J.: 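My questions all concern the structure below.
Throughout, a chain's letter reflects where its sequence line sits, starting with A, and its residues are numbered from 1. If you're wondering where the values come from, they're calculated on a predicted model, not measured in any experiment.
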Amino acid sequence: MQNEFEPIALTGASDQDVSLLDILDHVLNAGVVIHGSMVISLAGVDLVYVGLNVVLTSVETALRNLRAEETRRTPR
Amino acid sequence: MTRVLAYCAFLHNPAISLPEIGVAGAKVQEIAHGELKLLWSDVEWPFPESTLQASAVEFHQVVSHIFSQTGVAPFRLLSVFDDQQSLADFIAAHQAGFVADLKRLQHMVQMECVLYFAPQAGVRPTGTEYLQRKAELLQRTEEFVGSMKHALADLACEIRVRESRTGGRIFVLVQRGNEKKFASIVQELPIPERLARRTSGPWPPAEFLSGAVKTPPVAGPK
């Protein structure tokens, strides 16, 4: 079957940057979200322990949550 | 640990070619239930940060392979199932909703226009100036969205707008084949002062999936 679409540019420095951001944005933030039990781990740190029935979140949101959690835990 | 990564769902058609390799070089496999087909592969979970970017591109390539041929309901990259049985249960439970959405959106694509505030080099506004400027820009964004809706009235099947901290994001559902027409109409619209725009697409019409498909409830231990 013929591809009817223009491919998303992945060549050229600036195009590549923009397209990669678009790709990350879409694969992380757009589409079907399932609920489940898992830990999202980045940089060796379990960012979000989402328990049994919590909606998955984007990395940006996960990082924000982690920062908030760190702030909360920091002794005053 | 190994988990089952879901890529996308689409309506079964024997003419559709399937990708062979998915995230981290894993073999892409299919599961079918009635008219519905879903692609998945085994993945090591969780993804290490060092491979997240590559995984995103590989994930995108699998979805794009199918999307270039037919309508898809994409999953999000971080959506994984415990095992193949969980995936089979999921697809059996939600088949009707997916099929209805896929039939409704089969010949549609999602085009996007992001409006953002053009940065002004060397300008450091006070707090009040910043808020005034932001209010002005939000108003201009709304005006632009209005003119865009008017200009796309004959082309767009549906338009949705989301405000963001830096401007706005406009999602437009159009028939396949109208992507260039969309781009030329949007490019001809005058852009308000201090705003910039970027169009992209075609994307799978994820924004236009029904709520029950986008965030399906999953039975499990409470």
Side-chain angles (χ1 to χ4, degrees), chain A residues 1-70, chain B residues 3 6 8-9 13 15-17 45-50 52-53 55-57 59-61 63-65 67-70 72-82 86 90 94 98 109-110 112 171 176-177 179-180 198 200-204 206-207 209 213-218 220-222:
Chain A
M1 197 173 287
Q2 195 71 29
N3 185 340
E4 307 166 19
F5 296 89
E6 292 188 354
I8 291 169
L10 278 171
T11 55
S14 58
D15 278 351
Q16 189 169 17
D17 290 343
V18 171
S19 295
L20 191 54
L21 278 176
D22 277 338
I23 288 169
L24 282 166
D25 177 45
H26 279 84
V27 302
L28 291 168
N29 290 318
V32 179
V33 180
I34 59 164
H35 302 238
S37 172
M38 63 195 62
V39 175
I40 299 171
S41 179
L42 284 176
V45 178
D46 290 338
L47 288 181
V48 186
Y49 177 68
V50 291
L52 290 173
N53 285 296
V54 181
V55 178
L56 286 177
T57 183
S58 71
V59 170
E60 184 189 1
T61 309
L63 288 166
R64 199 163 53 235
N65 289 345
L66 176 69
R67 286 190 202 106
E69 180 65 14
E70 282 175 346
Chain B
R3 287 284 186 266
C8 61
N13 178 345
I16 292 172
S17 83
W45 186 261
F47 294 132
E49 183 191 23
S50 57
L52 186 64
Q53 190 169 295
S55 297
V57 173
F59 186 92
H60 168 75
Q61 285 168 341
V63 175
S64 294
H65 185 105
F67 179 54
S68 68
Q69 304 170 79
T70 189
V72 299
F75 282 71
R76 298 194 192 191
L77 173 62
L78 298 177
S79 287
V80 295
F81 292 83
D82 286 344
S86 304
F90 174 86
H94 300 287
F98 273 86
V109 298
Q110 178 174 307
E112 296 184 19
F171 303 88
R176 280 180 187 253
E179 297 88 340
K180 284 184 178 164
R198 191 164 58 81
S200 72
W203 299 99
E207 188 69 20
L209 292 171
V213 167
K214 212 187 286 187
T215 53
V218 173
K222 305 285 181 193

J.: A/Ile23 and side-chain contact (heavy atoms from CB on, under 4.5 Å): which partner among B/His60, B/Gln61, B/Gln53?
T.: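 It is B/His60, the one option of B/His60, B/Gln61, B/Gln53 that forms the side-chain contact (heavy atoms from CB on, under 4.5 Å) with A/Ile23.
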J.: Which atoms form the tightest heavy-atom contact between B/Arg198 and A/Asp22, and what is the distance?
T.: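 Heavy-atom minimum between the residues: NH1-OD2, 3.0 Å.
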J.: Do you know which two heavy atoms are closest between B/Ala206 and A/Gly31, and how far apart they sit?
T.: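 The pair with the smallest heavy-atom distance is CB-N, 3.6 Å.
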J.: What pairs with B/Ser55 under side-chain hydrogen bond (donor to acceptor under 3.5 Å, both in side chains), at least two apart in sequence or on another chain?
T.: none
J.: Can you find a pair of side-chain heavy atoms, one from B/His94 and one from A/Val32, that are under 4.5 Å apart?
T.: no
J.: Would you say B/Glu112 and A/His26 are linked by a side-chain donor-acceptor pair, where the criterion is simply a distance under 3.5 Å?
T.: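 There is such a pair between these side chains.
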